[in-house]
Amino acid sequence: MKNIAVLVSGGGTNLQALINAQKSGEIINGRISCVISSNEKAYALERAKQNGIASRVIKRRDFQTQCEYDDALRDILKEEKADLVVLAGFMTIFGGSVINEFENRIINIHPSLIPSFCGKGFYGLHVHEAALQRGVKLTGATAHFVNEICDGGPIIIQKAVETQPDDTPETLQKRVMEQAEWKILPKAVSLFCQDKLKVENGKVIISE
Ligand code: GRF
């Protein structure tokens with residue numbers, strides 16, 4: 001059984017999707033062993049509590065340098081014996097030692113079809129604003145492994161969502177979450193826990 005550490009900063013609806021998937025038996029060979037938040041006020045922490053999942057808070061401002069923060073986060077994840085790290089709306093940038101320690105073992109969910117509307121500055125509602133501004137007919141979500149390039153790691157699963165002429169960034173965000181993010185994130189996590197994901201030449205191969 002693999003230990004899944006879920007990193008959060010906000011509402012935690014993707015965490016909730018993972019909890020629901022765990023309860024319904026959709027996550028095979030894995031369990032959410034801890035929730036780590038960058039912010040003590042995140043509602044995601046309440047979701048963890050309600051479901052009996054251990055949680056911790058680690059704040060960037062408690063560390064002087066990026067390097068010290070990275071090392072502390074890495075040490076916490078090792079202490080928690082995490083096999084997989086899931087970024088479910090985690091808003092703090094980390095790098096170096098965490099990425100090295102957990103190569104191809106960190107999964108992020110991004111609310112667009114990468115490589116569109118991703119990279120620096122594309123987070124939260126900004127992603128959907130940009131998609132509507134460009135007038136795309138299809139957007140969606142991407143579950144991908146995390147490497148040192150922002151939103152640039154190997155793609156695991158993508159799911160498309162149609163835009164509507166009367167969409168606002170808020171309505172589009174909601175549909176992308178409901179129709180894509182909450183579905184593909186648990187799926188990607190379950191595939192990982194079953195050792196069905198292999199990375200070759202920067203691409204993910206899914207074995208069935
Ligand atoms: C989601 O849109 C996710 O794609 C992005 O951050 C948001 C997190 O929302 N990375 P929640 O905290 O899971 O509700």
Side-chain angles (χ1 to χ4, degrees), residues 4-23 26-27 32 34-51 53 55-60 73 84-95 98-99 102 106-132 136 138-147 149-161 163 167-189 192:
I4 306 164
V6 184
L7 273 53
V8 296
S9 301
T13 62
N14 279 287
L15 168 66
Q16 190 65 53
L18 290 169
I19 294 171
N20 296 348
Q22 174 166 306
K23 285 188 178 160
E26 201 199 316
I27 298 181
I32 304 168
C34 72
V35 167
I36 297 171
S37 177
S38 62
N39 150 25
E40 75 264 41
K41 297 207 177 79
Y43 184 68
L45 287 171
E46 185 57 34
R47 297 182 194 269
K49 196 169 152 198
Q50 281 168 10
N51 288 279
I53 302 167
S55 63
R56 312 172 61 145
V57 175
I58 174 169
K59 287 186 266 184
R60 174 65 182 85
L73 181 58
L84 170 66
V85 179
V86 178
L87 308 185
F90 190 61
M91 299 301 288
T92 306
I93 288 172
F94 63 80
V98 184
I99 290 173
F102 291 92
I106 307 174
I107 294 178
N108 181 46
I109 182 77
H110 181 78
S112 76
L113 295 174
I114 290 175
S116 289
F117 312 115
C118 66
K120 203 165 181 291
F122 286 99
Y123 61 90
L125 278 176
H126 300 303
V127 178
H128 305 291
E129 272 160 18
L132 292 177
V136 294
L138 276 180
T139 182
T142 304
H144 65 93
F145 282 120
V146 171
N147 63 14
I149 304 160
C150 181
D151 297 327
I155 292 169
I156 305 169
I157 308 179
Q158 295 185 295
K159 190 163 189 292
V161 173
T163 58
D167 260 331
T168 62
E170 289 80 7
T171 60
L172 185 57
Q173 179 181 52
K174 184 165 181 280
R175 271 204 331 289
V176 167
M177 283 181 154
E178 290 169 353
Q179 295 178 14
E181 295 181 42
W182 302 343
K183 293 200 159 78
I184 64 174
L185 182 61
K187 215 172 183 176
V189 166
F192 177 92

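On a predicted model such as this, the values are computed, not experimentally measured, just so you know. Both ligands and their constituent atoms are indexed starting at 1 by order of listing.
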Subject >> For ligand 1, the residues whose heavy atoms come within less than 4.0 Å (ordered by chain, then number) >> reply: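 Only Gly11, Gly12, Thr13, Asn14, Gly89, Ile109, Pro111, Met177, Glu181 have heavy atoms that fall under 4.0 Å of ligand 1, ordered by chain and number.
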**OP:** Could you tell me whether the side chain of Phe94 reaches within less than 4.5 Å of the side chain of Ile106, counting heavy atoms only?
**Re:**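 Side-chain contact under 4.5 Å: yes.
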Original post:
Counting N and O atoms only, with roles assigned by atom type, does the side chain of Gln158 sit under 3.5 Å from a partner on the main chain of Ile114, one being a donor and the other an acceptor?
Top reply: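 Looks like yes, one N/O pair under 3.5 Å.
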Original post:
Does Glu40 offer a backbone N or O that forms a donor-acceptor pair with the side chain of Ser37 under 3.5 Å?
Top reply: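 No; zero donor-acceptor contacts below 3.5 Å.
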For residues 176-185, which side-chain donor-acceptor pairs fall under 3.5 Å, sequence neighbours excluded?
unit_1 : atom_1 : unit_2 : atom_2 : d
Glu178 : OE2    : Lys174 : NZ     : 3.0
Glu181 : OE1    : Asn14  : ND2    : 3.0
Trp182 : NE1    : Thr13  : OG1    : 3.2

Original post:
What pairs with Ile93 under side-chain contact (heavy atoms from CB on, under 4.5 Å), at least two apart in sequence or on another chain?
Top reply: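 Partners of Ile93 under the side-chain contact (heavy atoms from CB on, under 4.5 Å) test: none.
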Original post:
Who pairs with Tyr43 by ring pair (Phe, Tyr, Trp, His ring centres under 6.0 Å), at least two apart in sequence or on another chain?
Top reply: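 Checked Tyr43 against ring pair (Phe, Tyr, Trp, His ring centres under 6.0 Å); zero matches.
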